[in-house]
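See below for the structure under consideration.
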Protein chains: 2
Amino acid sequence: MKSPEVRPRRGSYARGRATKENILRSALDVIGRNGYGATILRDIAVEVGMTQAGLLHHFDTKEKLLAEVLRKRDEVNREILTPSSDLGEPPLIIKLAHHNVEVPGLVQLYVRLQAEAVEPEHPCHEYFLDRDVVIHSRVTRDIERRQKAGLFDPEADAAVVARMLLALSDGLQSQWAIDPTIDLPGTVDALWNKYARPSERPAAENTQPN
Amino acid sequence: MKSPEVRPRRGSYARGRATKENILRSALDVIGRNGYGATILRDIAVEVGMTQAGLLHHFDTKEKLLAEVLRKRDEVNREILTPSSDLGEPPLIIKLAHHNVEVPGLVQLYVRLQAEAVEPEHPCHEYFLDRDVVIHSRVTRDIERRQKAGLFDPEADAAVVARMLLALSDGLQSQWAIDPTIDLPGTVDALWNKYARPSERPAAENTQPN
DNA sequence: GTCTATACTCTGATAGAC
DNA sequence: GTCTATCAGAGTATAGAC
């Protein structure tokens, strides 16, 4: 339940940050456990050991709070989201796909907020725009490095393939959240392997038809 | 505004159907014009020339109504969604991608309801499950025919590639609804062309990086 | 900073007349 | 089948005490 964190002295800037951190982590916990649709502000508040009004003191609105939850999730996942310089490591997008099936509640969170972020005023709109720029360029650069190393189809337009991988990942998450029999990681692997060039290291696992 | 339809005699079964048709078409019109988020039941009712309570006489709840709207859309699109037996024609999924950018409001409708359909009790849940089975098998069979005709990578697992195309299409719609600078049709084309085998007919248009 | 208490707002759902 | 009127409900947002 409530995490027994060290609390800096009251009124301090650090204390405010620490509280926000607690809230965001608790939100990830509850939503991860119960799913997006089943979670209301009060549930998160209870998890933190606070009231709903208390939450909104730190984040003015629910939507802003949720946008921060998404950012926090990326921070938690930074190990996955930061491309390794070791070309023997699987690329970001593959690691992410394999991770996502472990956290269905958070996939729900992502899918549902991405859909709501269609409205330009929604606080998550900006989040998704920002994130796309970052991730797309990381994946593109990773592909380019592999091309130079002879590990990836040299004819491919890295930016276009990166877009394909990101969109495939998003679409599979939506579909998998509705029908978990869909092979999310296997399908991302399959696309990657279509472009990957053989080497002693097997790029990713196999794929089951569906 | 209201479509001047022939009205079968009152009380008849045909009349009830005709009214429903009007409602569904009006819903597609309004949502197509104003987007999903900006549309409430009353707006649709006004378009039909009816009240909100009138609508709900025919469809018990808003969610059920919207599930029918999606089905109606597929019916309207049946020309696109039915694979041609002419292998010179672009495949379903390519035609669909090129069509979608013409109807942003309906892409919003699709994206947002797909996200809400994550909840198993949501009436759209079943719609998306059903549709996926149908479309996935159509695309798979289309690919298999092209493989036999030597127009498509014979090594590819048709079912897996079909899954890739469907998920790519969904993901691109989500992303494009947030950032319209993303090249939705071009990216689907790019994936298709990765598997297509050259012939006298150019399979699809070009692609701009993004 | 956090709580209690309450207001609000939106919109979908319902009851009952015609 | 359609309308008018009214409600219900579900959370979110806010005011103000501590």
Side-chain angles (χ1 to χ4, degrees), chain A residues 2-3 5-24 26-27 30-31 34-69 112-113 116 119 121-124, chain B residues 1-2 5-24 26-27 30-31 34-69 112-113 116 119 121-124:
Chain A
K2 39 178 123 176
S3 16
E5 306 261 330
V6 207
R7 318 206 96 197
R9 71 181 183 295
R10 43 181 275 195
S12 77
Y13 175 73
R15 165 97 179 259
R17 285 210 25 119
T19 308
K20 284 190 168 191
E21 291 284 295
N22 281 350
I23 294 171
L24 296 177
S26 298
V30 184
I31 297 171
N34 304 341
Y36 175 86
T39 305
I40 66 178
L41 283 183
R42 214 185 63 241
D43 301 336
I44 301 172
V46 168
E47 179 89 5
V48 195
M50 217 184 238
T51 63
Q52 177 248 29
L55 291 196
L56 292 180
H57 172 74
H58 297 276
F59 309 87
D60 296 354
T61 68
K62 180 198 187 184
E63 292 180 340
K64 287 186 194 164
L65 165 53
L66 289 174
E68 292 306 313
V69 172
R112 298 215 40 183
L113 289 180
E116 286 171 24
E119 316 294 336
E121 327 75 43
H122 196 295
C124 292
Chain B
M1 290 291 148
K2 43 175 119 178
E5 306 259 330
V6 209
R7 316 206 100 197
R9 72 182 182 294
R10 44 180 275 196
S12 77
Y13 175 72
R15 166 94 179 261
R17 285 204 33 112
T19 307
K20 284 190 167 189
E21 292 284 293
N22 280 351
I23 293 171
L24 297 177
S26 297
V30 185
I31 296 170
N34 304 340
Y36 175 86
T39 305
I40 65 178
L41 282 183
R42 205 206 352 251
D43 300 335
I44 301 172
V46 168
E47 179 91 3
V48 195
M50 216 184 237
T51 63
Q52 178 247 28
L55 290 196
L56 291 180
H57 173 72
H58 296 277
F59 308 87
D60 296 356
T61 69
K62 181 200 186 183
E63 291 180 343
K64 288 186 193 166
L65 166 52
L66 289 175
E68 291 306 312
V69 171
R112 299 216 38 186
L113 289 179
E116 287 172 21
E119 315 296 336
E121 327 74 44
H122 196 296
C124 291

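Because the structure is a prediction, the values reported are computed rather than measured. Chain A is the first sequence line, chain B the second, and so forth, proteins listed ahead of strands; every chain is numbered from 1.
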- Message: Go nucleotide by nucleotide along DNA chain D from the 5' end; which of Ala53(A) and Ile40(A) gets its closest nucleotide reached first?
- Response: Ile40(A)
- Task: Round to a whole Å and report the spacing from NE2 of His58(A) to P of dA13(D).
- Result: 15 Å
- Query: How long is the line joining CD1 of Ile23(A) and P of dG1(C), in whole Å?
  - Reply: 11 Å
- Could you tell me the separation between the CG atom of Leu41(A) and the P atom of dC3(C), rounded to a whole number of Å? 14 Å
- Is any side-chain heavy atom of Leu24(B) closer than 4.5 Å to a side-chain heavy atom of Phe59(B)? yes
- Any Glu116(A) side-chain heavy atom under 4.5 Å of Leu66(A) side chain: no
- Interatomic distance, Leu55(B) CG vs dG12(C) P [rounded to whole Å]: 10 Å
- Task: Check the pair Val69(B), Leu113(B) against side-chain contact (heavy atoms from CB on, under 4.5 Å), reporting the backbone distance first and the verdict last.
- Result: CA-CA 11 Å; Val69(B) 171; Leu113(B) 289 179; over 6 Å; no
- Side chain Gln52(B) and base dG12(C) donor-acceptor under 3.5 Å: yes
- Message: With a 4.0 Å limit, can you tell me whether His57(B) has a side-chain N or O closer than that to the phosphate oxygens OP1/OP2 of dC3(D)?
- Response: no
- Send over the distance from Phe59(B) CZ to dG12(C) P, rounded to a whole Å. 15 Å
- Note on the structure: When rounded to whole Å, the CD1 to P distance for the pair Ile44(A) and dT12(D) reads 9 Å
- Query: Side chains of Glu121(B) and Glu63(B): does their closest heavy-atom pair fall under 4.5 Å?
  - Reply: no
- Message: With a 4.0 Å cutoff (strictly under), does any side-chain N or O of Thr51(B) reach OP1 or OP2 of dT2(D)?
- Response: no
- Contact class for Leu56(B) vs. all strands (heavy atom < 4.0 Å): base, sugar-phosphate, or nothing? base
- Query: In whole angstroms, how far is the P atom of dA13(D) from the CZ atom of Arg42(A)?
  - Reply: 15 Å
- Item | Pairwise side-chain contact, Asn22(B) with Met50(B), heavy-atom cut-off 4.5 Å (strictly under) | no
- Message: If I take atom CG in residue Asn22(B) and atom P in nucleotide dT2(D), what distance separates them, rounded to the nearest angstrom?
- Response: 10 Å
- Query: Among the nucleotides dC3(D), dA13(D), dG12(C), which one has an atom lying closest to any side-chain atom of Met50(B)?
  - Reply: dC3(D)
